[in-house]
There are 2 protein chains.
Amino acid sequence: MTRGTGRGAGSAAVRSVDVARLAGVSQKTVSRVFNDEPYVSADVRRRVLDAAERLGYRRNNAARALASGRTHSIGVVTLGTALYGPASLLMGVERVVRDTGYALRVVNTMEGDPAGVAGAMDSLLDQGVDGIVISEPIDEQGHGGELSLRLDVPVLVIAAPPSVTAPMVLTAGGGVDLMARTATEHLLDLGHLTVHHLAGPQRWYAARDRMKGWQAALTAQGRDIPPVVVGDWSAASGYEAGRQLAEDGGVTAVFAANDDMAIGLIRALTEAGRRVPEDVSVVGFDDIPVAAYVTPPLTTVRQPFDAVAQEGLKRLVHAIENPQAEPLPPSGPTVDLIVRASTVPPPSSRKTPARGRRTASRAPTLPDGGPSADR
Amino acid sequence: MTRGTGRGAGSAAVRSVDVARLAGVSQKTVSRVFNDEPYVSADVRRRVLDAAERLGYRRNNAARALASGRTHSIGVVTLGTALYGPASLLMGVERVVRDTGYALRVVNTMEGDPAGVAGAMDSLLDQGVDGIVISEPIDEQGHGGELSLRLDVPVLVIAAPPSVTAPMVLTAGGGVDLMARTATEHLLDLGHLTVHHLAGPQRWYAARDRMKGWQAALTAQGRDIPPVVVGDWSAASGYEAGRQLAEDGGVTAVFAANDDMAIGLIRALTEAGRRVPEDVSVVGFDDIPVAAYVTPPLTTVRQPFDAVAQEGLKRLVHAIENPQAEPLPPSGPTVDLIVRASTVPPPSSRKTPARGRRTASRAPTLPDGGPSADR
DNA sequence: GTGAAAGCGCTAACAC
DNA sequence: GTGTTAGCGCTTTCAC
């Protein structure tokens with residue numbers, strides 16, 4: 001009836017004793033074979049395997065976990081959303097976890113969920129996991145940082161500050177600010193005097209990191225830092241932002257914190273009569289699948305989700321299996337800027353054939369980032 | 001060091017006996033309290049809860065599963081992809097599963113994975129789950145249909161034929177063909193003589209269902225069935241298809257099997273000098289978040305992922321907890337066509353200065369479904 | 001190399 | 001209403 005993990009007496013499930021009996025060995029030997037322990041003769045091993053095969057034996061994980069204290073599973077806490085970034089990262093994690101031989105337990109949090117991350121981790125601990133991956137892109141409301149939950153398994157925090165207390169805390173997926181900086185510099189290198197920023201919701205680490213990188217790029221070159229427009233990752237919010245930015249004739253380049261917003265932004269700009277890229281250059285972030293096919297094809301930054309997941313998990317599993325050992329060192333971030341058609345030099349530098357020269361139709365260049373034309 | 005599910009002797013983990021001792025009751029009573037069993041006096045219940053709280057007690061799930069034969073978890077087999085459809089469905093499932101009080105175990109399959117769905121289910125069975133959700137949008141290579149794996153837990157198959165053998169097999173998420181049919185009829189109703197179809201990869205059920213719906217709509221009205229162009233869901237493949245279709249002057253309406261392909265298609269059409277929607281109307285499928293913000297805003301069909309997940313899981317949990325009972329009946333599909341600006345009557349019926357007259361390329365009216373209608 | 005005994009922490013059945 | 005007694009199917013420890 002029900003699957004045979006037991007259920008009282010008279011269960012139909014095949015147990016290791018059954019295999020042992022058929023193979024003519026002790027139950028312990030069966031256990032040895034299935035755990036790849038040494039000291040089992042080749043002959044015995046094959047007899048056991050045959051018997052198991054014939055009986056359709058499969059180990060009972062509950063019993064294993066009970067006896068050993070290890071579940072061979074890893075839990076992941078993630079935000080329940082189909083947004084490209086988080087979803088891609090989760091896929092990466094799932095793929096990799098399976099390769100490591102661990103099972104995956106997923107718990108979603110939801111924006112506005114009162115229990116939130118702490119609740120999710122609690123439920124994971126409840127289920128019993130050997131390690132936890134926190135891929136939670138947003139801050140808890142009202143949290144200063146530290147999660148108060150006391151953990152006793154290693155934790156891998158992806159793309160966020162390591163705000164937990166655990167026997168071992170690893171991080172992965174940093175370097176987002178560097179990517180944002182590169183995107184901004186690309187615009188600056190094209191000759192734009194400054195770059196506007198359409199940011200993501202500030203509760204998201206990713207949004208803040210991207211903003212930081214943008215600022216850093218501008219600051220490093222002594223440029224103006226124009227006011228930030230904040231969106232909510234959606235194309236709709238990008239569209240709204242675009243209507244605002246279109247009114248400011250001084251805007252020649254925008255770095256949007258994700259591709260969806262960039263697409264909405266471009267639409268609003270176009271509707272307002274500001275051509276992209278001729279009048280305004282736009283850079284996105286993520287490189288979503290359609291990015292190359294919208295009009296104009298979007299220049300954007302690709303995030304290395306799989307690489308981050310792979311490296312992080314490798315280090316987490318290492319920590320699980322070698323509790324005493326030094327954690328494996330992280331590797332540096334890589335930046336992957338994809339230049340397409342949505343970015344070109346600013347109108348001013350394209351006026352006359354002499355392309356480096358800026359004729360300054362407006363906003364004469366002031367030596368060191370003086371007040372600019374925009375608002 | 002390791003979490004205290006017990007690890008031999010000397011474990012630091014709090015056990016139910018410890019709670020019992022502190023509360024001055026028997027261990028079984030603690031068990032009763034935590035299982036919400038009746039016949040525990042309010043007074044005892046509170047004492048137990050207090051003691052548990054003080055000790056930081058948490059039930060050991062491995063022991064529970066071993067003793068009861070139930071893991072209180074549900075497994076889901078899904079294709080490892082960040083594609084909007086599958087990812088959204090998975091999110092829906094996760095959300096709902098958690099609400100039901102079950103834990104979720106996810107196993108991804110990968111296109112081209114030799115083990116495939118059978119392997120995934122096997123691993124789930126190995127882990128021990130009380131029920132399985134198969135949200136696997138594609139056929140196994142070389143499989144006629146039936147998966148040979150013998151299951152002994154109830155199964156919910158989403159958006160696919162019920163090709164497994166299990167004590168109870170439920171399905172959910174049908175009606176995709178109806179949605180496709182509605183999309184096609186929308187185009188026909190606008191006056192197009194026929195509708196071309198940009199299909200998804202034929203290994204996907206969803207692709208075949210959408211094609212069937214398209215055919216049904218055409219057949220029902222006695223229209224020509226033009227040759228199908230097949231893509232791979234990506235905007236890139238839509239672009240390729242668009243180049244092909246652009247050469248055929250007779251094409252006035254295309255139903256694309258998903259929004260990504262529709263976007264690529266529109267781009268190719270536009271580049272080839274065929275305006276959308278003036279020359280060619282395009283309908284997509286999915287209603288991805290950017291659909292309302294591309295140019296032109298895309299008419300599409302929204303899939304009720306959450307509703308499907310919710311209803312399916314409700315029925316699965318019912319089947320798990322009432323093995324003997326009749327399965328809950330499924331409810332009918334709903335169709336949600338979102339009409340935006342990418343579809344208009346064909347050129348022939350707009351000969352005279354109707355509204356489609358293209359005066360300006362910018363600031364087109366956004367009929368309903370424009371930015372504000374997004375959600 | 002292999003086996004016997006002793007739990008892991010809980011739930012199930014039944015007694016009181 | 002509550003306690004007692006047996007396992008669930010493994011891993012662990014230690015003996016041989």
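Any value given below was found using the heavy atoms of this structure, including those in side chains, with hydrogens, waters and symmetry copies removed. We name chains A, B, ... by the order of the sequence lines, and we start the count at 1 in each one.
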Quick one: is dT12(D) close enough that its OP1 or OP2 comes under 4.0 Å of any side-chain N or O from Ser68(A)?
no

I would like to know whether Val164(B) and Val169(B) meet side-chain contact (heavy atoms from CB on, under 4.5 Å); could you show each step before the answer?
CA-CA 8 Å; Val164(B) 289; Val169(B) 181; 4.0 Å; yes

Under the side-chain contact (heavy atoms from CB on, under 4.5 Å) criterion, do Val133(A) and Leu313(A) qualify, and how do the steps go?
CA-CA 8 Å; Val133(A) 178; Leu313(A) 264 307; 4.2 Å; yes

Choose from dT11(D), dG7(D), dG3(D) the nucleotide whose nearest atom is closest to any side-chain atom of Gln27(A).
dT11(D)

What's the CG-P distance between Asp36(B) and dC10(C), to the nearest Å?
16 Å

Please state how far atom CD in Glu37(B) lies from atom P in dA12(C), giving the value in whole angstrom units.
7 Å

Spacing of Arg58(A) atom CZ relative to dC10(D) atom P, expressed in whole Å
12 Å

Need to verify one output field. Residue with the more 5' nearest nucleotide on DNA chain D, Ala63(B) or Ser41(B)?
Ser41(B)

Protein-nucleotide distance (Asn61(B), atom CG; dC8(C), atom C1'), rounded to Å:
14 Å

Whole Å only: how far is the CZ atom of Arg59(B) from the C1' atom of dC8(C)?
17 Å

Less than 4.0 angstrom between a side-chain N/O of Ser16(A) and OP1 or OP2 of dC10(D), yes or no?
yes

Taking only the side-chain heavy atoms of Ala67(A) (C-beta and beyond), determine which of dC8(D), dT2(D), dG7(C) contains the nearest atom.
dG7(C)

Can you find a side chain N or O atom of Ser26(A) that sits less than 4.0 Å from OP1 or OP2 on dG3(C)?
yes

Taking the nucleotide of DNA chain C with the closest heavy atom to each, which residue, Asn35(B) or Arg32(B), is nearer the 5' end?
Asn35(B)

For Val107(B) and Val76(B), what are the C-alpha separation, side-chain angles and deciding distance, and is it a side-chain contact (heavy atoms from CB on, under 4.5 Å)?
CA-CA 6 Å; Val107(B) 180; Val76(B) 50; over 6 Å; no

Need one value for Phe34(A): base, sugar-phosphate or nothing, where a base atom within 4.0 Å counts as base even if backbone is also close, heavy atoms only.
nothing

Picking from dC10(C), dT2(C), dG1(D), which would you name as closest to the side chain of Tyr39(B)?
dG1(D)

Could you please name the option among dG9(D), dA4(C), dG3(D) that lies closest to any side-chain atom of Leu66(B)?
dG9(D)

At under 4.0 Å between heavy atoms, what does Val25(B) touch on the DNA or RNA strands: base, sugar-phosphate, or nothing?
sugar-phosphate

d(NE2, His72(A); C1', dT11(D)) in whole Å:
13 Å

Find the distance Asp18(B):CG to dC10(C):C1' and express it as a whole number of Å.
13 Å

Under 4.0 angstrom between Asn60(B) side-chain N/O and dC8(C) OP1 or OP2
no

Taking 4.0 angstrom as the limit, do Arg54(B) and Asp50(B) come out as a salt bridge?
no

Residues Tyr102(A), Thr71(A); criterion side-chain contact (heavy atoms from CB on, under 4.5 Å); working and verdict
CA-CA 9 Å; Tyr102(A) 280 73; Thr71(A) 60; over 6 Å; no

Within the pair Ser31(B) and dT11(C), is there a side-chain N or O less than 4.0 Å away from OP1 or OP2?
yes

Salt bridge (charged side-chain N to carboxylate O under 4.0 Å, His left out), that's the test. Do Arg95(B) and Asp306(B) meet it? Break it down for me.
CA-CA 9 Å; Arg95(B) 236 192 307 278; Asp306(B) 278 26; 3.3 Å; yes

Output the rounded distance in Å from CZ (Arg21(B)) to C1' (dG9(C)).
13 Å

